[in-house]
Amino acid sequence: MDRTAQLTSYARTRPFVYEPDVTTHSLHVRAARVLEANWTGTATVPARSLYPHQWSWDSAFIAIGLRHLSPLRAQTELETLLDAQWGDGRIPHIVFNPSVPLDAYFPSPDFWRSSTAGRAAGAPRTVQTSGIVQPPVHALAAWLVHQADPGLSRARGFLTRVYPHLAAWHRYLLHRRDLGGAGLASVVHPWEQGMDNSPCWDTPLSRITPAPARSFRRADLDHGSPEDRPTDLDYGRYVRLATDYRDGEYADGSGKFAVEDPSFNALLIASEHALARIAQELGAPGTARHNRAERLTATLIDRLWDPAEGMFFCRDVRTGALIPERSVSGLIPLLLPTLPRDIVTALVRTTASKHFGLGGSTRLVPSYDLLGEAFDPHRYWRGPAWFNTNWLLERGLRTHGERGRAAALRRAVLHLADTSDFAEYVDPYTGEACGATGFGWTAALALDLLHSATTHTGSKGGDRE
């Protein structure tokens with residue numbers, strides 16, 4: 001048996017890594033059990049009941065945690081997602097499991113019609129997907145997964161296989177989605193940005209005529225309280241946007257909704273830095289990608305930074321105006337390693353301000369301005385705190401040497417992941433669990449914080465594990 005086969009065979013048969021010095025009730029073991037319970041054999045679902053398929057940025061975050069348990073499974077998680085990539089480079093936000101009934105989730109495969117409506121854009125014929133995308137965390141995830149077991153990664157040719165997929169994904173976003181013409185990627189549906197129901201979308205969505213309520217059935221209300229979910233009016237607008245995009249054969253540029261979002265673009269920049277490191281690992285120069293990431297950082301500042309407010313804002317591409325809503329999205333560029341010090345200082349101050357309460361009034365940083373008119377501590381992305389955004393902020397704080405704040409946020413994330421039974425999101429004031437429990441990225445990112453915090457240097461390098 002050659003070395004590659006030996007490593008792969010060992011990795012497949014090796015069970016999840018459980019710490020030998022902890023009890024079966026530890027956070028580590030329970031998080032591992034969540035990921036095991038949500039594993040389908042090729043990927044991990046976010047939550048068995050509410051989200052029974054594979055989601056794009058969920059899988060990236062889940063792979064980041066899985067690398068501490070099974071680097072092979074973490075690699076497989078990303079490879080399964082990338083196998084569903086479209087010919088134009090987009091990575092769809094959902095890869096559907098054909099064994100799940102159509103009525104278990106809406107919009108279902110028969111709504112998206114990817115293999116027919118997406119034919120011109122190169123949708124795969126052997127798997128059904130959605131036609132929109134989600135934030136590009138994938139190259140960052142791939143680099144971190146490689147670092148977890150470089151020997152296995154090299155033996156399997158993991159980075160060699162995924163690099164062309166990731167490069168095509170970035171090309172799609174940087175070219176097909178540069179709808180504002182300045183270099184930043186635009187989202188064409190609120191679901192693409194990941195923070196689906198954010199008040200940031202209220203103004204651009206107000207231009208959209210909602211689909212009739214009788215034209216669709218909301219499966220999400222079977223698993224969650226209507227008071228915590230998007231309203232029927234907002235959902236009707238989501239459906240209308242998705243329908244129009246599908247009926248236009250998923251061509252970019254003509255829709256009524258186009259927004260440059262700071263979080264989406266910050267994650268693209270962070271992943272561009274990671275893609276440069278992957279290129280270097282494969283023997284190619286990464287200078288051009290690092291330079292592109294730095295240019296994009298400058299463009300992000302030029303287009304979306306508001307020095308008076310001390311944070312980034314979304315830009316409505318159709319009107320050209322910034323959207324004056326304070327969202328956690330406007331804080332996530334703290335993740336970027338080459339952000340100027342004055343902007344870092346302002347972002348940290350805003351994160352700790354009365355609008356977000358880090359280290360003061362809140363347990364975790366909320367998804368939306370505590371003082372905003374639309375704030376609701378329980379309604380989806382209109383106030384609750386999410387574990388993935390707080391993981392990103394913790395990483396950003398460490399990147400820029402804010403070790404005390406980062407350590408405090410890390411402790412809070414781990415405590416609330418534990419006490420909420422790995423909830424989808426929580427009330428930012430009380431930590432009360434909201435949404436689904438046993439949520440995939442909550443378990444995965446808790447594992448990452450348990451394992452990785454002591455290995456970061458806090459230097460400006462930022463992406464080093």
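Everything numeric here is computed off the predicted structure, so don't read it as measured data.
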- [ ] Keeping the roles fixed (side chain from Asn265, backbone from Ala185), state whether a donor-acceptor pair exists under 3.5 Å.
- [x] yes
Task: Ala37 backbone acceptor or donor facing Arg48 side chain under 3.5 Å - done: yes
- [ ] Test side chain to side chain contact (heavy atoms under 4.5 Å, CB included) on Leu335 and Ile269 and set out the steps.
- [x] CA-CA 10 Å; Leu335 167 76; Ile269 295 166; over 6 Å; no
- [ ] Give a yes or no on whether the backbone of Val133 and the side-chain of His189 come within a donor-acceptor separation of less than 3.5 Å.
- [x] no
- [ ] Show the numbers, then the answer: is there a side chain to side chain contact (heavy atoms under 4.5 Å, CB included) between Leu275 and Trp169?
- [x] CA-CA 11 Å; Leu275 206 53; Trp169 170 221; over 6 Å; no
Open item on the list: Using side-chain heavy atoms (C-beta onward) and a distance below 4.5 Å, is Glu424 in contact with Trp386?
Closed with: yes
- [ ] Take the angle between the ring planes of Trp143 and His146 and call it parallel below 30°, perpendicular above 60°, tilted in between.
- [x] parallel
- [ ] Check whether any side-chain heavy atom of Thr437 sits under 4.5 Å from a side-chain heavy atom of Val34, and report yes or no.
- [x] no
- [ ] Answer yes or no: is there a donor N or O on one side and an acceptor on the other, between the side chain of Trp201 and the main chain of Met195, under 3.5 Å?
- [x] yes
TODO: State the CZ-CZ distance between Arg119 and Arg125, to the nearest 0.5 angstrom.
DONE: 5.5 Å
- [ ] Kindly say whether His165 contributes a backbone atom to a donor-acceptor pair with the side chain of Gln85 at under 3.5 angstrom?
- [x] yes
Task: Option among Phe96, Tyr238, Tyr105, Phe106 that satisfies the ring pair (Phe, Tyr, Trp, His ring centres under 6.0 Å) test with Phe111 - done: Phe106
- [ ] Output yes when a side-chain donor or acceptor of Ser271 lies under 3.5 Å from a complementary backbone atom of Leu268, and no otherwise.
- [x] no
- [ ] Answer yes or no: is there a donor N or O on one side and an acceptor on the other, between the side chain of Ser420 and the main chain of Gly431, under 3.5 Å?
- [x] no
Task: Test side chain to side chain donor-acceptor pair (under 3.5 Å) applied to Asp261 and Ser327, Ser329, Ser198, Ser186, the passing residue - done: Ser329
Task: Residue pair Ala274 / Ala139: nearest heavy atoms and the distance that separates them - done: CB-O, 3.6 Å
Task: From Thr243, Ile132, Thr129, residue fulfilling side chain to side chain contact (heavy atoms under 4.5 Å, CB included) relative to Trp112 - done: Ile132
Task: Heavy-atom side-chain proximity of Cys314 to Glu325 below 4.5 angstrom - done: no
Open item on the list: What I'd like to find out is whether the side chain of Glu281 reaches to under 4.5 Å of the side chain of Ile278, using heavy atoms alone.
Closed with: no
TODO: Please tell me if the side chains of Phe264 and Pro136 come closer than 4.5 Å, counting only heavy atoms from C-beta onward.
DONE: yes
Open item on the list: Name the residue from Leu409, Leu140, Asn390 that meets the side chain to side chain contact (heavy atoms under 4.5 Å, CB included) definition with Arg395.
Closed with: Leu140
Task: Nearest atoms (heavy-atom pairs only) where Leu339 meets Pro333 - done: CD2-O, 3.4 Å
TODO: Output the distance between atom CG (Asn97) and atom NE2 (His53), rounded to the nearest 0.5 Å.
DONE: 7.0 Å
TODO: Measure across Asp316 and Pro204 and return the closest heavy-atom pair with its distance rounded to 0.1 Å.
DONE: OD2-CB, 3.7 Å
Task: Neighbour count above 12 (heavy atom, 6.0 Å) for Arg292 CZ - done: yes
Open item on the list: If I take atom OG1 from residue Thr389 and atom CG from residue Leu364, how far apart are they, to the nearest 0.5 angstrom?
Closed with: 8.0 Å
Task: Minimal non-hydrogen separation, Leu336 against Ala270, with atom names - done: CD2-N, 3.9 Å
Open item on the list: For a quick check under 3.5 Å, do Tyr368 and Asp376 share a side-chain donor-acceptor pair by atom type?
Closed with: no
- [ ] Would you confirm whether Ser263, through its side chain, and Ile332, through its main-chain N or O, come within 3.5 Å as a donor-acceptor pair?
- [x] no
Task: Steps toward salt bridge (charged side-chain N to carboxylate O under 4.0 Å, His left out) verdict (Glu192, Arg177) - done: CA-CA 12 Å; Glu192 292 198 312; Arg177 288 301 189 88; 2.6 Å; yes
Task: Closest non-hydrogen atom pair between Leu296 and Leu184, with its separation - done: O-CD2, 4.2 Å
- [ ] Give the intermediate values and the outcome of side chain to side chain contact (heavy atoms under 4.5 Å, CB included) for residues Arg90 and Asp252.
- [x] CA-CA 11 Å; Arg90 81 182 75 194; Asp252 294 311; 3.9 Å; yes
Open item on the list: Tell me if the aromatic rings of Trp191 and Tyr245 count as close, with their centers under 6.0 Å from one another.
Closed with: no
Open item on the list: Taking the six-membered ring for Trp, are Trp391 and Phe387 closer than 6.0 Å centroid to centroid?
Closed with: no
TODO: Without swapping roles, check the side chain of Thr351 against the backbone of Leu358 for a donor-acceptor pair under 3.5 Å.
DONE: no
Task: Flag for Glu77-Thr44: side-chain donor and acceptor within less than 3.5 Å - done: yes
TODO: Kindly state whether the ring of Trp86 and the ring of Tyr172 have centres lying under 6.0 angstrom apart.
DONE: no
Open item on the list: I want to check something: taking the side chain as every heavy atom from C-beta on, are Arg363 and Val426 in contact at a cut-off of under 4.5 Å?
Closed with: no
Open item on the list: Working to the nearest 0.5 angstrom, can you tell me the gap between Gln134 CD and Asp58 CG?
Closed with: 6.0 Å
Task: Side chains of Arg315 and Leu322 in contact at under 4.5 Å (non-hydrogen atoms) - done: yes
Open item on the list: Regarding His138 and Ser59, do their side chains bring together a donor and an acceptor under 3.5 Å, going by distance alone?
Closed with: no
Open item on the list: For Ala47 versus Phe439, what's the shortest heavy-atom pair and its separation?
Closed with: CB-CD1, 4.1 Å
TODO: Working to the nearest 0.5 Å, report the span between CG of Leu334 and CG of Leu392.
DONE: 10.0 Å
Task: Sequence neighbours excluded, every pair satisfying salt bridge (charged side-chain N to carboxylate O under 4.0 Å, His left out) that has a member inside residues 294-313 - done: Glu260-Arg303, Glu309-Arg326
Task: side chain to side chain contact (heavy atoms under 4.5 Å, CB included) evaluation trace for Ser56 with Leu81 - done: CA-CA 7 Å; Ser56 172; Leu81 179 67; 4.0 Å; yes
TODO: Report yes or no: does Arg207 contribute a side-chain atom to a donor-acceptor pair with the main-chain N or O of Lys256 at less than 3.5 Å?
DONE: yes
Open item on the list: In the structure I gave you, are the side-chain heavy atoms of Tyr380 and Tyr425 within less than 4.5 Å of one another anywhere?
Closed with: yes
- [ ] Could you grab the distance from atom OG of Ser367 to atom CG of Leu331, nearest 0.5 Å is fine?
- [x] 11.0 Å
